[in-house]
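Before any comments, here is the structure.
Protein chains get the first letters and strands the later ones, always in sequence-line order, with residue 1 at the start of each. Because the structure is predicted, anything quoted here is derived from the model rather than measured.
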Protein chains: 2
Amino acid sequence: MLRLTKKADYGLMALKYLAEQAGPVPAAEPDAHVSLAQSAKDIAEAYHIPPQLLAKILQTLAKAGILVSHAGTNGGYALARPASQITAFEVIRAIDGPLFITSCITIHGACDLTSHCTIKEPLRKVNDSIKDLLSGIRISDLIETSESRPGTETAVGGGLISIAL
Amino acid sequence: MLRLTKKADYGLMALKYLAEQAGPVPAAEPDAHVSLAQSAKDIAEAYHIPPQLLAKILQTLAKAGILVSHAGTNGGYALARPASQITAFEVIRAIDGPLFITSCITIHGACDLTSHCTIKEPLRKVNDSIKDLLSGIRISDLIETSESRPGTETAVGGGLISIAL
DNA sequence: CTCAATCCCGACCGTTAAGGTCTGGATTGT
DNA sequence: ACAATCCAGACCTTAACGGTCGGGATTGAG
Ligand code: FES
Ligand code: FES
């Protein structure tokens, strides 16, 4: 249930990476772009993800106005805005499209039993809540999660995604 | 993104239906079962959904302890508990399995780049938030979608879901 | 006892989308 | 001129989803 695609995961990782690269902004360059340009290949190698796939994701993000791109020898991608002004919601939406939980959104608008479905409305509210939740998360929120223990690898904390209840 | 499967949708619809049938409980039968038994076929016809598919969904729900079943001529399904004690989360979980947004849960435990993934932890928190959100929704919340008691709002539309990163 | 109405279980199948690859072309700094 | 990039599609493979089928096990009714 409620599955976030790997593409969106990759996209968020890449954005976080870019935000980190541009992290210590010397506050001496108020114009131009927000962060340094990084090539798709570099980012892909940093995270060991398929380079060509990430390339396409970054292109999508660029088309959505979240990234700016620059071709050429020292080209690459940079954040179009400060990391604090990019929400997880718009990233996910840009990559995965406007799909939502109802599963009743076919290409024809709505599913054929939309007139009999009695839980459509409450589900829409859940949908909105999740949207709000995601909209409240900014890229800048991702960069300082577990940064305090140098040396030790993360993910040592045992139960990764145990999903237990 | 974040797509709820149609099966879960159907399951919720069926549960709501059962809850409605048993709605005006005369409070004179504190024992036995909570609601009247309805056959899978009846429920399927009420909503115009594939009967055989719904049958399987109800079986799953019964196995999960959410419904009780009774074979025989006047058999059918009934809620195993009052509708106010069944959450949307456990329904979805019973039907769609313990899948969650991370998309990094393969059958082998975790995805192979779990050691490089830097956003796993923040994502897990989002996950938990959604889980909490869904856990706060009860079947009884579905039956009075509009114009209900002003005292007991569904707490869904309020957007009071905050996430701490 | 017999029978019909049910629930139960597993196998099966078609469609779709996700994840990933490949090829060719358009920019642009050096 | 050339290499490093970005860009835009056309593919491919696999797995999950949505749905179907048939056979078997219960159980109330007549
Ligand atoms: S089944 Fe389509 S709106 Fe619920
Ligand atoms: S990509 Fe697997 S944990 Fe994020």
Side-chain angles (χ1 to χ4, degrees), chain A residues 1-11 14 36-45 48-64 67-78 80 92 95-99 101-108 111-113, chain B residues 1-11 13-14 36-45 47-64 67-78 80 92 95-99 101-108 111-113:
Chain A
M1 90 187 224
L2 295 175
R3 171 156 138 275
L4 182 64
T5 64
K6 226 163 194 175
K7 287 182 189 173
D9 198 354
Y10 291 159
L36 307 165
Q38 298 280 320
S39 79
K41 193 171 68 113
D42 289 346
I43 304 177
E45 279 172 0
H48 301 90
I49 59 187
Q52 309 197 96
L53 180 56
L54 181 64
K56 266 240 284 272
I57 295 170
L58 295 178
Q59 287 165 24
T60 306
L61 255 18
K63 217 164 23 175
L67 292 178
V68 288
S69 61
H70 195 156
T73 305
N74 264 50
Y77 293 93
I92 293 170
I95 295 175
D96 286 348
L99 294 167
I101 74 168
T102 36
S103 86
C104 299
I105 355 180
T106 66
I107 22 179
H108 326 307
C111 82
D112 31 326
L113 33 88
Chain B
M1 88 186 224
L2 295 175
R3 172 158 139 274
L4 182 64
T5 64
K6 227 163 193 174
K7 286 181 188 174
D9 199 352
Y10 291 159
M13 283 159 72
L36 305 167
Q38 297 280 321
S39 79
K41 193 172 66 114
D42 289 346
I43 304 177
E45 280 172 359
Y47 288 112
H48 300 91
I49 58 185
Q52 308 197 97
L53 180 56
L54 180 64
K56 266 237 287 266
I57 295 170
L58 295 179
Q59 289 164 24
T60 306
L61 254 17
K63 218 165 23 177
L67 291 177
V68 289
S69 62
H70 195 152
T73 304
N74 264 52
Y77 294 92
I92 294 171
I95 295 175
D96 286 347
L99 295 167
I101 74 169
T102 36
S103 86
C104 299
I105 358 180
T106 66
I107 21 178
H108 327 305
C111 84
D112 32 324
L113 34 87

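- B:Ile92 is not listed as a side-chain neighbour of B:Thr5, based on a closest heavy-atom distance of 4.5 Å or more.
- Side chain of A:Lys63, nearest nucleotide from D:dT27, D:dC6, D:dA8: D:dA8.
- The distance from atom CD1 of A:Ile57 to atom CD1 of A:Ile49, rounded to the nearest 0.5 Å, is 6.5 Å.
- The separation between B:Ile95 atom CD1 and D:dG18 atom C1' is 13 Å, rounded to whole Å.
- Side-chain N/O atoms of B:His70 include none lying less than 4.0 angstrom from OP1 or OP2 on C:dA5.
- For A:Ser69 and D:dC7, the shortest distance from a side-chain N or O to OP1 or OP2 is below 4.0 Å.
- When the nucleotides C:dG29, D:dG18, C:dG19 are ranked by their closest atom to the side chain of A:Thr5, C:dG19 comes out on top.
- Residues A:Leu53 and A:Gly72 both approach DNA chain C. Their nearest nucleotides, taken by heavy-atom distance, put A:Leu53 toward the 5′ side.
- Between A:Lys63 and A:Gln59 the shortest side-chain heavy-atom distance does not fall below 4.5 Å.
- With rounding to whole Å, A:Gln52 atom CD is found 9 Å from C:dT23 atom P.
- If you check C:dA4, C:dG10, D:dT5 against the side chain of B:Thr73, the one that comes closest is C:dA4.
- Contact record, B:Ala44 with B:Pro51: CB-CA, 3.5 Å, taken as the closest heavy-atom pair.
- Across C:dG20, C:dA11, C:dC7, the shortest atom-to-atom separation from the side chain of B:Lys56 is found for C:dA11.
- Side-chain nitrogen and oxygen atoms of A:Tyr77 include at least one within less than 4.0 Å of the OP1 or OP2 phosphate oxygen of D:dC7.
- For B:Lys41, whose side chain is taken as the heavy atoms from C-beta onward, the closest listed nucleotide among D:dC7, C:dG20, C:dT6 is C:dT6.
- Residue contacts shown for A:Ala55 are absent, as no nucleic acid heavy atom lies under 4.0 Å away.
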